[in-house]
Number of protein chains: 2
Amino acid sequence: MIQDRPKDTQETPEADRVLQAIRQIVSEGRLPSDGRLPTERHLAAELGAGRASVRRALDRLEAEGLIWRRQGKGTFAGQPPDPTEELAAQIASDVDPLSAMEARLCIEPALADLCARRATGEDVVRLRKLAERTHDADDSDSAELWDGALHRAIARIAGNRLMLTAFTLIDEVRMGEDWQEKRHRARTPQTRAFYDAQHQKIIDAIDARDGAAAARAMREHLETLFDNLRKSMERRT
Amino acid sequence: MIQDRPKDTQETPEADRVLQAIRQIVSEGRLPSDGRLPTERHLAAELGAGRASVRRALDRLEAEGLIWRRQGKGTFAGQPPDPTEELAAQIASDVDPLSAMEARLCIEPALADLCARRATGEDVVRLRKLAERTHDADDSDSAELWDGALHRAIARIAGNRLMLTAFTLIDEVRMGEDWQEKRHRARTPQTRAFYDAQHQKIIDAIDARDGAAAARAMREHLETLFDNLRKSMERRT
DNA sequence: GCTGAAACCAAAGCACGATTGGTTTCAGCC
DNA sequence: GGCTGAAACCAATCGTGCTTTGGTTTCAGC
């Protein structure tokens with residue numbers, strides 16, 4: 001699996017040209033709203049190359065996770081769609097914030113536990129980086145995004161496909177709801193600082209491979225979040 | 001909403017005739033393997049009635065939950081398909097028994113907790129009946145079925161749509177797997193008696209509306225189940 | 001050994017008409 | 001007025017056939 005040859009930027013004259021060209025299309029060239037790339041045959045004609053060369057380049061981009069392909073459908077930028085999202089969209093209509101919170105309070109501490117028992121050193125580094133991004137975020141919106149990424153990363157590292165699916169389900173419903181705004185109002189500079197400290201505590205427990213402590217810290221974090229959300233909802237009433 | 005007229009078995013001469021005829025088709029008339037009924041137009045012609053009458057009869061059967069209809073598709077006996085099952089079928093392939101058990105251990109105690117806090121007297125009666133059926137089951141297979149129904153009932157009573165979906169996901173994957181056989185081997189007369197006692201304990205806690213105790217009892221039950229499953233797998237090795 | 005070209009396969013999309021449940025309207029009949 | 005039967009129309013779905021598109025193989029040239 002190890003590339004022997006030192007030339008990494010210029011594998012072969014033609015292949016590299018094609019690869020760079022397509023990479024540029026993906027990264028800066030504006031694509032249709034669905035992210036669809038031109039067809040392989042079209043790209044080959046446009047770049048004056050053969051289909052085989054184009055396919056080799058696309059193979060690489062796909063391996064890098066920049067694009068995904070489906071026979072009969074096309075080539076698209078980004079990640080392949082997740083069937084969990086569709087299910088989430090279907091049941092999102094009759095789920096209230098309280099139910100979502102109950103579900104989070106049930107599953108996320110367990111995920112933190114598993115995460116602590118299975119995380120590699122590399123994983124912990126990534127988590128710390130995400131916590132830092134959450135901390136450094138300028139506005140409340142981007143803090144929200146990085147916070148979501150952190151919780152998602154913990155769920156992924158936990159390494160249980162079923163529980164990850166359940167988490168994704170909750171996460172999608174939570175995001176798609178119109179009570180986004182309520183959550184937004186619940187975030188203040190004070191709460192954000194508090195959340196950052198709790199994130200630290202969770203990650204420290206994971207770093208120490210202490211599953212029970214990680215679960216406890218996560219539960220504490222969620223309960224704080226829950227309380228603030230509830231308070232902000234009562235304030236509205 | 002209250003029917004004033006005493007005639008319940010004979011609402012109107014024609015409507016009742018059509019209703020009975022279709023009810024008979026659904027209950028005893030053999031249908032195609034997918035449970036599809038003849039089309040409304042076909043039924044109307046065959047029964048010598050108008051489409052409106054047929055539709056009224058079908059409306060009633062649908063309200064009773066005996067059939068379900070979809071525009072452009074047809075009328076079918078039984079319950080409408082659950083999108084959760086499809087998702088479960090998709091991810092079932094890369095889920096091992098251990099992951100499923102982890103997931104159950106995470107979610108079912110929480111469901112028992114919620115169930116204890118929300119169950120009505122009627123709910124408890126139903127649970128006791130299911131536990132009894134599990135106890136009285138002749139063979140291991142039917143015990144398995146009633147046991148599943150009991151756990152599902154607890155999940156439903158918990159009254160959280162998201163968590164019910166997550167439970168259904170786990171349940172479907174668990175059922176569809178080929179390690180059904182392993183679970184079968186793990187059930188012996190001794191373990192069955194033990195499980196019955198644990199079911200009692202769970203339901204007693206629910207009856208007492210003691211959420212924490214219900215969760216504890218459920219966790220204990222699942223851990224026993226888990227241990228036996230693991231032992232039976234090791235025995236095979 | 002890589003490239004370009006061509007041909008074929010299989011999965012998905014698209015367009016079309018047919019089918020089917022959902023709805024409305026209308027006339028006939030208690 | 002209320003139920004019935006008939007008809008017409010709407011909207012979702014399905015089946016069919018053709019096209020598109022990625023996946024694969026083959027072959028000749030450099």
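Here the structure is a predicted model, which means the values were calculated and not measured. Just so you know, these numbers use all the heavy atoms, side chains as well, and skip hydrogens, waters and symmetry mates. Lettering follows sequence order; numbering is per chain, from 1.
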Any salt bridge between B:Asp136 and B:Arg133, counting N to O under 4.0 Å? no
Hey, does the side chain of B:Arg104 reach the backbone of B:Asp171 with a donor-acceptor pair shorter than 3.5 angstrom? no
Is B:Arg56 salt-bridged to B:Glu40, cutoff N-O under 4.0 Å? no
Roughly how many Å is it from CG in B:Asp34 to P in C:dT20, rounded to a whole number? 13 Å
Rounded to the Å, how far apart are B:Phe76 CZ and D:dT13 C1'? 10 Å
Would one find a side-chain N or O of A:Ser53 under 4.0 angstrom from OP1 or OP2 of C:dC2? no
B:Arg60 has an atom CZ; how far is it from atom P of D:dC3, in whole Å? 14 Å
Provide, to the nearest angstrom, the distance between the CG atom belonging to B:Leu43 and the P atom belonging to C:dT19. 17 Å
Checking all strands, does A:Arg36 fall into the base, sugar-phosphate, or nothing category for heavy-atom contacts under 4.0 angstrom? nothing
Please evaluate residues A:Arg174 and A:Glu108 with respect to the criterion salt bridge (Lys or Arg N to Asp or Glu O under 4.0 Å), reporting the C-alpha separation (whole Å), side-chain torsions for both, the decisive distance (0.1 Å), and the verdict. CA-CA 14 Å; A:Arg174 198 168 64 87; A:Glu108 291 206 46; 5.7 Å; no
Detail all sub-3.5 Å separations between protein N/O atoms and N/O atoms belonging to nucleotides 21-23 of chain C.
unit_1	atom_1	unit_2	atom_2	d
C:dG21	OP1	B:Thr75	N	3.4
C:dG21	OP1	B:Thr75	OG1	3.2
C:dG21	OP2	B:Glu40	N	2.9
C:dG21	N7	B:Arg41	NH1	3.0
C:dG21	O6	B:Arg41	NH2	3.1
C:dG21	N2	B:Gln71	OE1	2.9
C:dG22	OP2	B:Arg55	NH1	2.6
C:dG22	OP2	B:Arg55	NH2	3.1
C:dG22	OP2	B:Arg69	NH1	3.3
C:dG22	N7	B:Arg51	NH2	2.7
C:dG22	O6	B:Arg51	NH1	2.9
C:dG22	O6	B:Arg51	NH2	3.4

Shortest non-hydrogen contact from A:Leu150 toward A:Leu130: CA-CD1, 3.9 Å
Run the salt-bridge test on A:Arg128 and A:Glu132 with the 4.0 Å N-O cut-off and return the result as yes or no. no
Five pairs at each end of the helix from C:dG1-D:dC30 to C:dC30-D:dG1: take the axis at both ends and give me the angle between them to 10°. 20°
Could you walk me through whether B:Ile170 and A:Met163 satisfy the side-chain contact (heavy atoms from CB on, under 4.5 Å) test, starting with their C-alpha distance in whole Å, then the side-chain angles of each, then the deciding distance to 0.1 Å, before giving a yes or no? CA-CA 9 Å; B:Ile170 300 168; A:Met163 291 177 64; over 6 Å; no
If you measure from the Lys or Arg side-chain nitrogens to the Asp or Glu carboxylate oxygens, is any gap between A:Glu64 and A:Arg23 under 4.0 Å? yes
Starting from P on D:dG5, measure out to CD on B:Glu46 and report it in whole angstrom. 15 Å
Could you tell me how far apart B:Asp16 (CG) and D:dT4 (C1') are, to the nearest whole angstrom? 15 Å
Can we say A:Glu46 and A:Arg41 salt-bridge, meaning some charged N sits less than 4.0 Å from an Asp/Glu carboxylate O? no
